[in-house]
Amino acid sequence: MGKIAVAVIVSSWVVAVSILVNRIVTEPYMDEIFHIPQAQQYCKGNFRNGAIPHPFPNRVGSTWVRHDLMGPSNIDGALAIPFFHPFLPVCHLLPHCLKFIKDKYIVSLAYVASLFPGIFSMKADVSFSDACSSSILRSSNGVLAIFCSMMVYNILTHLRPSLTDRKVTLRTAVLALYPLHWFFTFLYYTDVASLTAVLASYLMSLKKKYFFSSLVGALAVLIRQTNIVWILFIACTGVLDYILDQPKDSANLTDSSQSQGKDAFPVSSQGVGTHSNLRKRRIHNQAATFSSPIHQKIASSVPSSDFSHEVREIISRLWQFKWEIIASFWPYLVIMAAFITFVFWNGSIVLGAKEAHTVSPHFAQLMYFSLISVLFVTPVHFTIGQAAALARSFWKKNKLVSFFQLCTALAVGFLSVHFFSIAHPYLVADNRHYTFYLWRKVIKFHWSMKYLLVPLYVYSWISIFNILAKSQRKTWVLVYFLATAATLIPAPLIEFRYYTIPFFFLILHSHVDDDRSWLLMGILYVAINIFTIYMFLFRPFSWVHETGVQRFIW
């Protein structure tokens, strides 16, 4: 019943807002001027580079504007952000695919499989290529948003089997409203597809279906190349769960299963009588997951485990179960090998304007992510109770060590914003993005402002670690941090869209049990979404140096 409720709730606003957006913004906007014509050419069966009649040089996906096609107007570099869609849904024959790759033809994503829900409204004599209109292509993200909410629901029920359907439905609906995810549901961008594929891969990994997880992970990488980091994260967490679920011997296995069954899931009828579906799910999970590594982590040594002991135990078990690990996780190794081959062949992880998206040591990006993420979870992180809890944990430990750690964190923060804060040309030139105003009006308000924000960045990371440490092993938290760093630090451009996947992993593993906090988060998200969609649709403006309507966007 919970999944149906989630699908109905998400569908209600997806349909309503999609109709509104398509009626007001009838033409492709922002990056859509590249995405939609590219997909439409693929719908027509034109896969060759020269068959795409829009301003792309050698490879589709490059974003430099050719004046002979776009006219003599002066186009800012920030107007063209690369679009990576290396997945071809209309590839009928494998030899043709191989020829495309060999000849460096462009493969892209038209989301064809997602278009069918919108095609029913088309006339019977309309061809498939004609059905790939802007509104139909955009609607594919609406369909994917519903699938994404299903992934979130299933992940939550797997990670938190004790939650009632009502609580899981509330959390899923709130996360479906997450502003960066919600806004791009109504435009033809890769963000929704990327998040859906990554979460689907993670869900299958949690269910120990590693082969299918890797297949969906390969799709996620094809949708967006940087997703290779999150597929590696999924593989690493899967390995951690696998080896920590393997006792040293069969005797330990029996004892561990019995002790986990007694301690982790005490049998009680309290509060279950009125929730028959919850009773069924609890019984199922008690029988199926007593030995689950996820529940072992939560039920046993998570809060008090020593980090060095965890590392030694993991290294020992990695060696002990090396052949079992290889047998279970080899598909991820294939993906990694294929990706490394692609990077060597392509000369970069980037397709298109490589010179505009070179890998840069943008350590300040981690600072921005921490603050933005905790601001989106303000009812949890910016409260007197949370501040008091952090202060108690600080003084409860060795005060000298805690003081040294705090000073080190502050020093790293100051060094990051001083030496590794990048003002990308796209960021400072395009006033359609909210990051443009945050950069100019906040960070660049005064030369000292970026330094004054460092304590807030450090507090944000400390609060994140504190929340995660309550329910996850320290090694899991470390792997998450490294994955987030590997995704964000190389990106020179400040784009809040890049924060979506690490944010979802963060919030899904932050066991926030207070329904009041979730309701406040939902209200916050609705308010932000109303503001951003209102500004996008009803506050257009124009540029002197270019014709056309401009709109505010994330």
Side-chain angles (χ1 to χ4, degrees), residues 148-149 151-164 167-181 195 198-199 202-203 206 230 233-234 237 240-241 293-299 302-305 366 368-390 392-393 456-485 487-488 496 499-525:
C148 186
S149 64
M151 297 300 104
V152 171
Y153 185 94
N154 288 328
I155 291 173
L156 284 173
T157 55
H158 187 95
L159 296 175
R160 306 292 306 279
S162 61
L163 292 177
T164 64
K167 290 179 179 292
V168 177
T169 301
L170 169 64
R171 286 152 174 74
T172 303
V174 170
L175 290 179
L177 287 168
Y178 174 64
L180 276 305
H181 171 68
L195 176 64
V198 170
L199 291 182
Y202 185 55
L203 176 62
L206 290 175
W230 294 108
F233 166 81
I234 291 170
T237 55
L240 288 177
D241 290 343
I294 296 295
H295 300 290
Q296 287 185 15
K297 288 192 297 184
I298 297 173
V302 174
S304 59
S305 61
L366 274 179
Y368 308 145
F369 164 77
S370 66
L371 180 57
I372 294 299
S373 296
V374 298
L375 284 175
F376 278 123
V377 198
T378 294
V380 176
H381 293 279
F382 288 106
T383 63
I384 297 177
Q386 177 65 3
L390 294 179
R392 286 194 301 269
S393 66
L456 199 54
Y457 299 147
V458 172
Y459 170 85
S460 299
W461 269 119
I462 292 175
S463 184
I464 288 173
F465 289 147
N466 177 266
I467 294 292
L468 288 177
K470 294 178 180 178
S471 57
Q472 306 299 323
R473 286 184 178 270
K474 295 177 181 178
T475 47
W476 189 99
V477 177
L478 175 62
V479 173
Y480 167 77
F481 176 79
L482 293 177
T484 303
T487 304
L488 299 180
F496 291 162
Y499 303 166
T500 300
I501 292 178
F503 174 83
F504 266 77
F505 276 111
L506 169 63
I507 193 64
L508 286 171
H509 291 84
S510 300
H511 289 182
V512 180
D513 296 322
D514 182 13
D515 286 349
R516 178 177 173 274
S517 296
W518 283 99
L519 289 173
L520 291 175
M521 286 166 54
I523 295 172
L524 174 65
Y525 294 172

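Given the structure is predicted, the values throughout are model-derived calculations rather than measurements.
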Atom pair [atom1]/[atom2] of [X] and [Y] - distance to nearest 0.5 Å:
X      : Y      : atom1 : atom2 : answer
Ile501 : Leu199 : CD1   : CG    : 7.5 Å
Asn466 : Leu390 : CG    : CG    : 4.5 Å
His509 : Leu159 : NE2   : CG    : 4.5 Å
Leu156 : Leu163 : CG    : CG    : 7.5 Å
Ser460 : Ile372 : OG    : CD1   : 9.0 Å
Asp514 : Leu519 : CG    : CG    : 8.5 Å

Between [X] and [Y], what is the shortest heavy-atom contact and its length?
X      : Y      : result
Trp230 : Val198 : CB-CG1, 4.1 Å
Val477 : Ala469 : CG2-N, 4.5 Å
His381 : Gln386 : O-CG, 3.4 Å
Arg171 : Asp515 : NH1-OD1, 3.3 Å
Gly522 : Val174 : N-CG1, 3.9 Å
Thr157 : Val168 : CG2-CG1, 3.8 Å

Do [X] and [Y] come close enough that some side-chain heavy atom pair is under 4.5 Å?
X      : Y      : answer
Tyr525 : Ile523 : no
Leu508 : Leu175 : yes
Phe382 : Ser463 : no
Ile507 : Met521 : yes
Tyr459 : Val374 : no

Report task. Any chance you could lay out the side-chain contact (heavy atoms from CB on, under 4.5 Å) test for Trp476 and Phe233, step after step, and finish with the verdict? Result -> CA-CA 10 Å; Trp476 189 99; Phe233 166 81; 3.7 Å; yes
Report task. Run through Tyr368, Phe369, Phe505 and flag the one making a ring-ring contact (aromatic ring centres under 6.0 Å, His included) with Tyr499. Result -> Phe369
Query - Working for side-chain contact (heavy atoms from CB on, under 4.5 Å), residues Val380 and Ser510 - result: CA-CA 10 Å; Val380 176; Ser510 300; over 6 Å; no
When the aromatic ring centroids of [X] and [Y] are compared, is their separation below 6.0 Å?
X      : Y      : result
Phe376 : His181 : no
Trp461 : Tyr457 : no
Phe496 : Phe503 : no

Requested in this report: Please step through side-chain contact (heavy atoms from CB on, under 4.5 Å) for the pair Thr164 and Lys167, ending with a clear verdict.
Outcome: CA-CA 5 Å; Thr164 64; Lys167 290 179 179 292; 3.4 Å; yes
Query raised in the report: Salt bridge between Asp513 and Arg160, side-chain N to carboxylate O under 4.0 Å?
Result: yes
Exam field: side chain [X] to backbone [Y], donor-acceptor pair closer than 3.5 Å:
X      : Y      : answer
Tyr153 : Cys148 : no
Thr237 : Ile234 : yes
Thr487 : Ala483 : yes

Query raised in the report: Do Arg473 and Leu240 pass the side-chain contact (heavy atoms from CB on, under 4.5 Å) test, and can you show the C-alpha distance, the side-chain angles, and the key distance before you say yes or no?
Result: CA-CA 10 Å; Arg473 286 184 178 270; Leu240 288 177; over 6 Å; no
